Number of protein chains: 2
Amino acid sequence: MRATLTHAIEDYLKIIYDLSVIDAWVSTSQIAKALEVKPASVTGMIQKLAAVTPPLVEYRKHYGVILTPEGERVALEIIRHHRLLETFLHETLGFDWDAVHAEADRLEHVISEEFEERIAQVLGDPTHDPHGDPIPDRDLQMPVHATTCLSELRVGQQARIERVRNDNCELLRYLSERGLLPGVEISILDYSPFDDNLYLQVQGRPESIVLGPRITGQIFVELK
Amino acid sequence: MRATLTHAIEDYLKIIYDLSVIDAWVSTSQIAKALEVKPASVTGMIQKLAAVTPPLVEYRKHYGVILTPEGERVALEIIRHHRLLETFLHETLGFDWDAVHAEADRLEHVISEEFEERIAQVLGDPTHDPHGDPIPDRDLQMPVHATTCLSELRVGQQARIERVRNDNCELLRYLSERGLLPGVEISILDYSPFDDNLYLQVQGRPESIVLGPRITGQIFVELK
DNA sequence: AAAATAATTTAGGATAAGCTAAATATTATT
DNA sequence: AATAATATTTAGCTTATCCTAAATTATTTT
Ligand SMILES: [Mn+2]
Ligand SMILES: [Mn+2]
Ligand SMILES: [Mn+2]
Ligand SMILES: [Mn+2]
């Protein structure tokens, strides 16, 4: 019979979706790390997700999982909740850019379809959240969005920041203090090959900035 | 050590607070009925609530429970969340009068103090929710409010509706269809002693209405 | 190809919150 | 005061989710 979608199940599906962007098959330990639980707990859960009807993941022992169409549907539903909530918290309630994630992570499991619909309307059906992440539409289709990573840029290139990975609120605060927000224009001044540092100029700021690969790998841009 | 406030604990404390308005000591079966769980489950929970440090209720076997000051503080905190949320859902998001309760019942456990604070500000620190129930202020003090029950009124008296018990959304829809909302003026046309029916006129409506005691006992008014 | 290392799974437990059925206590009726 | 009806508690189970420790499987290195 059809599975009850508990909060934990929803969080697992959401994280599996996110991780599968990098590689379609997702390993037990990737999930464990992302959710900050032990690998043994992940094995227990993914075996359950694979055993319900209809299955939410396909599971290969000692190899990993991939979302089924049904699992992906549920994941996108929760991701839509999460990103609409982040946008609402920021735009309508005035939460800081870096404070919305934790709040949305709890609310996403609890709001009704009516709540989802009403905040979407209040916000005018936004296509991106405050971090620039795309929001699936009512039919759970993802809008097209930038996939060029800032770490790929080299000297002389210019770009506009589209999105910033949002799971670390210290990083978000660090970036916003330096003006590195979605929509902002940047140009690359220099690149040092051994440490992969990028020297860049943020439009409207006097000083230049140096960013290491741990940061530039989290920022996605649209080339000019 | 200090108890973790789970959703279930919060729901128990909230319901005990509500029930203790009628009688300070609240019985196991009253709680069981209100929460729609079995009495045996209630016994289990209230024993836990009495055993934590500091205790959240005082418990007398085979008699009932009463909230401790700490238990009351937690209850008021959740009631503030609940009623602010109801007001926000109605006023800001345009939810129907009768749809807000169920949504608030889930969200109340999940919102942060920042969320609470921001919706209070957006709403201008309201003192009453859409059903007319008083909202505890930041220091958890309840505003003064009407305690005259509509069922106590007799022929010739006039009053303004202050609040309507909000746990039954069919009743709320029934009432709003007849114009019986907080703020509306009414006058009593007749009273039949055997069935306790009240015949009344709602200001601005052509026809008069007959209400039985199951309804009039749920409506509170301010006498004119 | 064997050994070492890493990743994954199994087994057994913990905690939270509910349930049913049986036992016990309280209150009401005769 | 005894009996009956009601209310409450206890005991034992269930489900969901997480944990640790031990066992197993897969991968990498020598
Ligand atoms: Mn979450
Ligand atoms: Mn939805
Ligand atoms: Mn609740
Ligand atoms: Mn609060």
Side-chain angles (χ1 to χ4, degrees), chain A residues 1-16 19-20 22-53 55-66 71 74 78 105-106 108-110, chain B residues 1-16 19-20 22-53 55-66 71 74 78 105-106 108-110:
Chain A
M1 84 227 63
R2 191 153 274 265
T4 323
L5 295 174
T6 63
H7 297 190
I9 288 178
E10 292 178 344
D11 277 342
Y12 272 85
L13 294 174
K14 190 175 66 151
I15 223 75
I16 292 169
L19 292 170
S20 69
I22 301 151
D23 194 352
W25 284 84
V26 177
S27 73
T28 302
S29 47
Q30 281 181 290
I31 298 169
K33 199 173 163 192
L35 289 178
E36 299 183 79
V37 298
K38 302 294 161 186
S41 307
V42 173
T43 300
M45 178 59 95
I46 63 187
Q47 287 177 343
K48 193 168 80 180
L49 298 180
V52 296
T53 316
L56 297 165
V57 301
E58 188 187 327
Y59 169 50
R60 286 199 217 155
K61 257 196 183 188
H62 293 281
Y63 185 65
V65 290
I66 191 169
V74 175
I78 297 299
D105 245 0
R106 281 175 283 112
E108 64 191 5
H109 310 289
V110 162
Chain B
M1 82 227 66
R2 193 155 272 265
T4 323
L5 294 175
T6 62
H7 296 189
I9 289 178
E10 292 178 345
D11 277 342
Y12 272 87
L13 294 173
K14 192 176 65 150
I15 223 77
I16 293 168
L19 292 169
S20 70
I22 300 152
D23 194 351
W25 285 84
V26 177
S27 72
T28 302
S29 46
Q30 282 181 289
I31 298 169
K33 199 173 161 191
L35 289 178
E36 300 183 77
V37 298
K38 302 293 160 186
S41 307
V42 174
T43 300
M45 179 58 97
I46 63 187
Q47 287 178 344
K48 191 168 80 181
L49 298 180
V52 295
T53 314
L56 297 164
V57 301
E58 190 187 324
Y59 168 49
R60 286 200 217 154
K61 254 195 186 187
H62 293 282
Y63 185 64
V65 290
I66 192 170
V74 176
I78 298 300
D105 243 1
R106 280 176 283 113
E108 65 192 3
H109 310 289
V110 163

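Letters A, B, ... are given to chains in the order of the sequence lines, protein chains preceding strands, and every chain is numbered from 1. Bear in mind the structure is a predicted one, so any value in this text is a computation, not a measurement.
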Side-chain heavy-atom pair A:Val37, A:Tyr12 within 4.5 angstrom cut-off: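 Side chain of A:Val37 against side chain of A:Tyr12, heavy atoms only: contact under 4.5 Å found.
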Could you check whether any side-chain heavy atom of A:His109 comes within less than 4.5 Å of a side-chain heavy atom of B:Val110, counting everything from C-beta outward? no
Between [atom2] of [N] and [atom1] of [X], the distance in whole Å:
X: A:His62; N: C:dT5; atom1: NE2; atom2: P; answer: 20 Å
X: B:Gln30; N: D:dA7; atom1: CD; atom2: P; answer: 11 Å
X: B:Arg60; N: C:dT26; atom1: CZ; atom2: P; answer: 13 Å
X: B:Leu49; N: C:dA16; atom1: CG; atom2: P; answer: 12 Å
X: B:Asp11; N: C:dA17; atom1: CG; atom2: P; answer: 10 Å
X: B:Ile46; N: D:dA7; atom1: CD1; atom2: P; answer: 15 Å
X: B:Lys33; N: D:dT6; atom1: NZ; atom2: P; answer: 14 Å
X: B:His7; N: C:dT15; atom1: NE2; atom2: P; answer: 20 Å

Picking from [options], which would you name as closest to the side chain of [X]?
X: B:Val37; options: D:dT8, C:dT8, C:dG18; value: C:dG18
X: B:Lys38; options: C:dC19, D:dT9, C:dA17; value: C:dC19
X: A:Ala40; options: C:dT9, D:dT10, C:dG18; value: C:dT9
X: A:Ala8; options: D:dC18, D:dT9, C:dT9; value: D:dC18
X: B:Gln47; options: D:dT10, D:dT8, C:dT8; value: D:dT10
X: B:Ser29; options: C:dT9, D:dT9, D:dA7; value: D:dA7

With heavy atoms under 4.0 Å as the rule, sort B:Thr43 into base, sugar-phosphate or nothing.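 Since a base atom lies under 4.0 Å of B:Thr43, the category is base.
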Under 4.0 Å from OP1 or OP2 of [N]: is there any side-chain N or O of [X] that close?
X: A:Lys48; N: D:dT17; result: yes
X: B:Lys61; N: D:dT10; result: yes
X: B:Thr4; N: C:dA16; result: no
X: A:Ser41; N: D:dC18; result: no
X: A:Tyr12; N: D:dA16; result: no
X: A:Ser27; N: C:dA7; result: no

Got a second to check how far A:Thr43's OG1 is from A:His62's NE2, nearest 0.5 Å? 8.5 Å
Measure the CD1-CD1 distance between B:Ile46 and B:Ile9 for me, rounded to the nearest 0.5 Å.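 Interatomic distance, B:Ile46 CD1 to B:Ile9 CD1, rounded to 0.5 Å: 13.0 Å.
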Mind telling me whether B:Tyr63 and B:Trp25 have parallel, tilted or perpendicular rings, with 30° and 60° as the class edges? tilted
Walking DNA chain D from its 5' end, the first of A:Ile9 and A:Tyr63 to be reached, judged by nearest nucleotide, is A:Ile9
Any salt bridge linking B:Lys14 with B:Asp105? Criterion: basic side-chain nitrogen under 4.0 Å from a carboxylate oxygen. yes
